[in-house]
J.: 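Below you will find the structure I want to go over with you.
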Amino acid sequence: MNRYFQDALHTFNGGNWYGWKTHDSDGNKIPNDQRMTYANIKVIKDGATMPTEADVNAKIQELKDAEQAAIDKKASGKQKLKDLGLDDAEINALIG
């Protein structure tokens, strides 16, 4: 699964509250590359509660939106600096 999935999970229950099931309900081993799914989450921290899949998906979207907003703001800021007459080298010296 992608990094957003784990980043989202870490925002619930104070982080470090979950692990991954290694075997399914029939006792069959779950291959490593198939473990990191919502269905295979197991709560490993006392007092932690399992968020709904909808809550996890909403958090994933929130994280993606925040990342995109930061990218957009940086691009907008660079354009504003260009509009003020700075060249690319000057802009990169200021903000990288």
Side-chain angles (χ1 to χ4, degrees):
M1 193 118 250
N2 64 43
R3 70 178 172 92
Y4 294 106
F5 182 57
Q6 288 200 60
D7 288 349
L9 290 176
H10 281 289
T11 67
F12 297 96
N13 297 303
N16 297 323
W17 60 272
Y18 67 94
W20 305 108
K21 295 177 185 173
T22 57
H23 293 79
D24 65 20
S25 59
D26 295 325
N28 300 311
K29 184 173 174 144
I30 303 168
N32 287 342
D33 64 345
Q34 297 174 20
R35 283 189 191 151
M36 294 171 56
T37 66
Y38 183 83
N40 292 324
I41 296 170
K42 68 177 181 178
V43 176
I44 60 171
K45 181 179 175 184
D46 287 340
T49 58
M50 181 76 162
T52 66
E53 190 168 7
D55 287 343
V56 173
N57 289 334
K59 182 55 76 172
I60 289 169
Q61 190 59 53
E62 181 183 319
L63 293 170
K64 286 179 178 180
D65 291 348
E67 184 176 17
Q68 188 60 51
I71 291 167
D72 293 347
K73 284 182 181 183
K74 186 173 183 177
S76 174
K78 283 184 176 182
Q79 185 58 51
K80 288 175 183 174
L81 290 172
K82 280 187 178 189
D83 292 347
L84 291 172
L86 277 71
D87 62 30
D88 288 336
E90 292 169 321
I91 293 169
N92 286 335
L94 289 172
I95 60 175

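It should be emphasised that the depicted structure is a prediction, and the values quoted were computed from it without experimental measurement.
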J.: Can you tell me how far apart NZ (Lys64) and CG (Asn2) are? Round to the nearest 0.5 Å.
T.: 6.0 Å

J.: Out of curiosity, Thr37 OG1 to Ile30 CD1, how far, rounded to the nearest 0.5 Å?
T.: 7.0 Å

J.: Between the side chains of Asn57 and Gln61, does any donor sit under 3.5 Å from an acceptor?
T.: no

J.: Do Ile41 and Trp17 pass the side chain to side chain contact (heavy atoms under 4.5 Å, CB included) test, and can you show the C-alpha distance, the side-chain angles, and the key distance before you say yes or no?
T.: CA-CA 10 Å; Ile41 296 170; Trp17 60 272; 4.0 Å; yes

J.: Within the structure provided, determine whether Val43 and Thr49 are in side-chain contact (heavy-atom separation under 4.5 Å).
T.: no

J.: For a quick test of reading the model, state the closest non-hydrogen atom pair linking Lys29 to Arg35 and the distance between them.
T.: CE-NH2, 3.5 Å

J.: Using a strict threshold of under 4.0 Å (side-chain N to carboxylate O), is an ion pair present between Lys59 and Glu62?
T.: yes

J.: Mind checking the NZ-CG spacing from Lys78 to Asp83? Nearest 0.5 Å is all I need.
T.: 14.0 Å

J.: Do you know which two heavy atoms are closest between Gln34 and Asn40, and how far apart they sit?
T.: O-ND2, 3.1 Å

J.: Out of curiosity, Met36 CE to Leu9 CG, how far, rounded to the nearest 0.5 Å?
T.: 8.5 Å

J.: Can you give me the closest heavy-atom contact between Ile91 and Lys82, atom names plus distance?
T.: CD1-CG, 3.4 Å

J.: Between Leu86 and Lys80, is a side chain to side chain contact (heavy atoms under 4.5 Å, CB included) present by the stated rule, with each step listed?
T.: CA-CA 9 Å; Leu86 277 71; Lys80 288 175 183 174; over 6 Å; no

J.: Is there a donor-acceptor pair under 3.5 Å between the side chain of Asp87 and the backbone N or O of Ala89?
T.: yes

J.: Suppose we screen for ring-ring contact (aromatic ring centres under 6.0 Å, His included). Which residues come up paired with Tyr18, at least two apart in sequence or across chains?
T.: His10, Trp20

J.: Quick check: closest heavy atoms across Ala8 and Ile60, and the distance to 0.1 Å?
T.: CB-CG1, 3.6 Å

J.: Quick check: are there more than 12 heavy atoms from other residues, nucleotides or ligands sitting under 6.0 Å from CG of Asp7?
T.: yes

J.: Check Asp55 against Phe12 and note the closest heavy-atom contact, atom names and distance.
T.: O-CZ, 3.7 Å

J.: Do Ile44 and Met50 belong together in a cluster built from hydrophobic side chains that touch within less than 4.5 Å?
T.: no

